[in-house]
Amino acid sequence: MTTFSAAEAVLDQVVRLEKVESADQKRARLSTGSLVVAAGLLLLGLSFGAGQIAHFAMSNAFDEVQLPTFAVPAGPAVLISAVLCLAAGVGLISGRLSPAWRRAAGVVAGTSFLFGFLSWAAATSALPFPVSNQLSGTVATATPLILGALAGVIGERAGVVNVAIEGQFLNAAFAAGIVGSITKSIPAALVAAVLTAVATAALLALFAIKYLMDQVVLGVVINLLASGLTGFLFDQLVQPQSRVLNSAPTMQPIPLGPLANIPFLGPILFNQTILVYLAVLSVAVVWVLLFKTRWGLRVRAVGEHPKAADTVGISVVAVRWQAVLVGGIFAGLGGAFFTVGSTGSFAKDLTVGNGFIALAALIMGRWHPIWAALMALFFGFVTQMASQLQTLSTPVPSEFLLLLPYIATIVAVAGLIGRSRAPAADGTPYIK
Amino acid sequence: MSSTTSRPAFLAYLSQYWREWAITGAAMVLALLLGAILMVVADPEVSANFAYLFTAPQLALGGAWAKVAGAYSALVAGAVGSPEALAHTSAKAAPLICAGLGVGLGFRAGLFNIGAQGQAIMGSIVAAYIGFTFQLPYGLHLLVAIIGGVAAGALWGGVVGWLKAKTGAHEVIVTIMMNYIAAGLLAWLLTTAAFMRPGRMDPISPEVQPTSALPGIYQQFHLGFLVAILAAAAVWWLLERSTTGFAIRAVGLNPNAAATAGMSVAATTTITMTFAGALAGLAGVQAALGPSANGVPVPLTVGLVGTVGFDAITVALLGRSRPLGIVLAGLLFGGLSAGGLAMQSVAQTPLTLTMVLQALVVLFVAAPALVQTLVPILKERKSKKVAMAGGEA
């Protein structure tokens, strides 16, 4: 050791540990920071035109326990939010924040922007902004998105891209509607939905794994097939006798005992339909499956490095088939939401792109079940907010409000998330 | 495949070439067969007769035959059965070819452009706006409207390419979102004074001026179809003869190798998406300015472009992302669309059946191994590994 000490002494002088920022990191820092600053400037502009008082109602008119309606002076509230947002943005741009502070700055920016925007919007209307409705609506809207994103997570972790979530939704919704109408039973409808989505997943697996078809293309074709098939059967069979075939029962909220009576949180979290509880449970199940079981390790192995997995004796084809089919179960539950989970009747293309939104949530959530579920909640929140603000008749045209979730996605994907890394073998068929 | 020009190699190439065609043909036959089964199963009156399949087979099979033959003959007659039908097919094919070229161009650069729908909507908005607002002489007006629509599509596509190049935003997500934004923008514009038809409360624009309509040649066969063919030729030149096209193909085949060779992947991505958007925008222009059955263009409404952007994906796939293939695929699906309308009115078979046929054709074409299993004649004699270009896209 002593022989090296002289060299080490020299090295100690020359080498100074300095963190070097990669070009990608720098771009991400600048784009995120300037985005937050832009949001702050927007709020600053709004604060000058803000109305007098913004009302936030904490409970619905029919809730048993009535919570107060908060009145917030809109001008100062928006101004404070703007300042907080700007401060967070400047902090992010400077690049001098530790990771923990960076996360905190992000949270501050997001919360203050939402609060400021909502204060501004609520102040333009005499009606209070229904906070409780907003949150319970968020949970309901996000349910199919969470389930769809989970379906994608499992398949893509195994290396099979799933653009066909929309088609799985549509087929499952159709099956749930028909079976529900005939049997008048929700469980039967759910089973039918799951079986149909698993069958659709089998089609995906067959062409992706056995016939090595390009998987994004395959997804688009399966979506088209689902749209055509359900549309044709709807026109030909269901429409002429819609009283028999298109009047499924709908799910009722199930209060979870005393938990449902908690003021504010109770109605939001513990008085929902069975699908909502299933969705929350599914997030946990998928997380455990992927990260805590042997099977999950195999799934991730064939998605990252199939050749290595094959070398140690894992059947890549079998694991991929299993993963895609298991994903189908969740997609089926999500699809059932659109018929038995809402009005009980099927209409052509009634999933209106929710499968694609689920796909976006899964990519924004970086192929992780919990993050994907959070992203789905974010979508649910923005969608619900847009429809709430519509009823408040804000100065923003309602057509624009409906675009909010899509614009928010682009901003999030381009400004905040940036390059997300897919499983290494995602979309690549395995040929031995 | 060997690159030598020896006689056996040439013969092998020829047989490979014919096999590709044969597989496409077999895919269509298989799709039609499955469609026939679907029609019979979904019609309670016809399928009920199958209970007597063994006691009175003529009842079951005859009924099924009548149903299927009636629908398919109406489909064929509506697509190619008369000069009017052919003109209708060409009108339906023109926007499909343009948007299909856009999607195919993206494929060649390794980009998945799901956004042709939004790009076409933007093209139709601007073309229609110029068409019903401006007062310009014949020729110039049409030219300005086409350029405006194409530019709008190019912008809508270019933004996606630029975001992908600058921030790495996944083009599939961004194009999907841009589709919704374009559709929402159109819905909003149709409620504004600039776009609403005076005296109407529903979302419909004024009719475009005759000076800006694409002139008809025979019935619905109009100048736009020739424009679409020209666009295909231009894309062929771009891809096969220009430096930009070489970069597009290189980036599509291997971005790392292209970057190492000194090409800018970011610039190529932006350029490709701009061109793709321009082509899809041209499809929107066709929808806004092409004559309908009564000889004048349909005014701008929410559903004016239909689902051209999504159909374009199947067109590009079936055409294997090559300009000539896309023209043929566009004609096929244009015929399916024109014939489907006839099938719906003559044979009372829902139009949605054509969507099923379209999806099945593409599915079979993209999985040649499946077709070869179902139709063993198409299998290769030698037990070489089949390296078909089908799923490459």
Side-chain angles (χ1 to χ4, degrees), chain A residues 24 27-28 31 161 163 203 206-207 210-218 220-237 239-241 348 353 356-357 359-360 363-364 397-400 402-403 405-410 412-415 417-420 422 429 431, chain B residues 35 38-39 41-44 107 112 114 159-160 163-164 166-170 172-174 176-181 183-192 307 310-311 313-314 316-317 344 349-360 362-363 366-370 385 390-393:
Chain A
D24 266 5
R27 195 157 39 201
S31 66
V161 168
V163 183
L203 193 67
L206 178 72
F207 278 87
K210 182 158 167 62
Y211 292 114
L212 315 179
M213 189 171 165
D214 182 283
Q215 292 165 11
V216 180
V217 164
L218 172 61
V220 171
V221 175
I222 288 182
N223 291 338
L224 182 72
L225 188 65
S227 173
L229 206 57
T230 56
F232 179 76
L233 291 175
F234 182 77
D235 285 334
Q236 189 85 13
L237 271 182
Q239 188 85 306
Q241 35 189 336
K348 273 198 252 178
F356 287 114
I357 306 268
L359 179 70
I363 296 180
M364 284 161 66
S398 59
E399 286 85 358
F400 273 134
L402 292 177
L403 298 182
Y406 311 124
I407 297 173
T409 309
I410 294 187
V413 170
I417 314 288
R419 283 167 220 272
S420 48
I431 308 161
Chain B
L38 182 65
M39 266 194 276
V41 172
D43 191 329
F107 281 156
F112 203 81
I114 301 193
V159 165
V160 179
L163 280 177
K164 165 125 185 152
K166 284 289 163 202
T167 68
H170 204 300
V172 171
I173 298 187
V174 179
I176 290 170
M177 299 303 145
M178 295 290 271
N179 286 344
Y180 289 116
I181 294 174
L185 206 59
L186 174 58
W188 173 69
L189 284 172
L190 285 171
T191 65
T192 60
T307 56
F310 296 112
D311 297 339
I313 300 174
T314 57
L317 289 176
Q344 177 154 274
T349 305
L351 187 58
T352 32
L353 183 71
T354 58
M355 274 170 83
V356 178
L357 294 179
Q358 205 173 325
L360 287 173
V362 176
L363 208 53
L370 175 64
K385 200 174 252 180
E392 140 214 48

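Quantities reported herein were computed from a predicted structural model and do not represent experimental measurements. Order of the sequence lines sets the chain letters (A, B, ...), proteins ahead of strands, with each chain counted from 1.
- No part of Leu357(B) comes within reach of chain A, as not one of its non-hydrogen atoms sits under 4.5 angstrom from that chain.
- In this structure, chain A has a heavy atom under 4.5 Å from the side chain of Thr191(B), while its backbone stays farther away.
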As a quick check of understanding, evaluate side chain to side chain contact (heavy atoms under 4.5 Å, CB included) for Ile410(A) and Ile181(B), giving each step before the final call. CA-CA 10 Å; Ile410(A) 294 187; Ile181(B) 294 174; 3.8 Å; yes

Trace of the side chain to side chain contact (heavy atoms under 4.5 Å, CB included) decision for Met213(A) with Leu363(B): CA-CA 9 Å; Met213(A) 189 171 165; Leu363(B) 208 53; 3.9 Å; yes

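- There is no contact between Leu402(A) and chain B, counting heavy-atom distances below 4.5 Å.
- Highest contact tally toward chain B, considering only Val220(A), Ile222(A), Val216(A), is held by Val216(A) [criterion: heavy-atom pairs under 4.5 Å].
- A distance of 10.5 Å separates CZ of Phe232(A) from OG1 of Thr354(B), quoted to the nearest 0.5 Å.
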One pair to check against side chain to side chain contact (heavy atoms under 4.5 Å, CB included): Phe112(B) and Val217(A). What are the steps and the verdict? CA-CA 9 Å; Phe112(B) 203 81; Val217(A) 164; 3.8 Å; yes

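- For chain B, the nearby part of Leu218(A) is the side chain; its heavy atoms alone come within less than 4.5 Å.
- The two residues Gln236(A) and Pro350(B) come nearest to each other via the heavy atoms OE1-CD, 3.0 Å.
- Heavy-atom pairs under 4.5 Å with chain B were tallied for Leu359(A), Leu233(A), Leu229(A); the largest tally goes to Leu229(A).
- The candidate with the highest count of non-hydrogen atom pairs below 4.5 Å against chain B, out of Phe207(A), Tyr211(A), Phe356(A), is Tyr211(A).
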Please step through side chain to side chain contact (heavy atoms under 4.5 Å, CB included) for the pair Met177(B) and Ile357(A), ending with a clear verdict. CA-CA 9 Å; Met177(B) 299 303 145; Ile357(A) 306 268; 4.1 Å; yes

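- Neither the backbone nor the side chain of Leu351(B) comes within contact range of chain A; no heavy atoms are under 4.5 Å apart.
- Looking only at heavy-atom pairs under 4.5 Å with chain B, the residue among Pro429(A), Pro240(A), Pro405(A), Ala360(A) that has the most is Ala360(A).
- For the set Ile176(B), Val41(B), Leu163(B), Val172(B), the count of heavy-atom pairs under 4.5 angstrom toward chain A peaks at Ile176(B).
- Atom CG of Leu370(B) and atom CG of Leu206(A) lie 7.0 Å apart (nearest 0.5 Å).
- Note on residues 222-235 of chain A: pairs passing side chain to side chain donor-acceptor pair (under 3.5 Å), not counting sequence neighbours, are Ser227(A)-Asp349(A), Asp235(A)-Lys348(A), Asp235(A)-Thr352(B).
- Note that CG of Leu225(A) and CD of Gln358(B) are 11.0 Å apart. Values are rounded to the nearest 0.5 Å.
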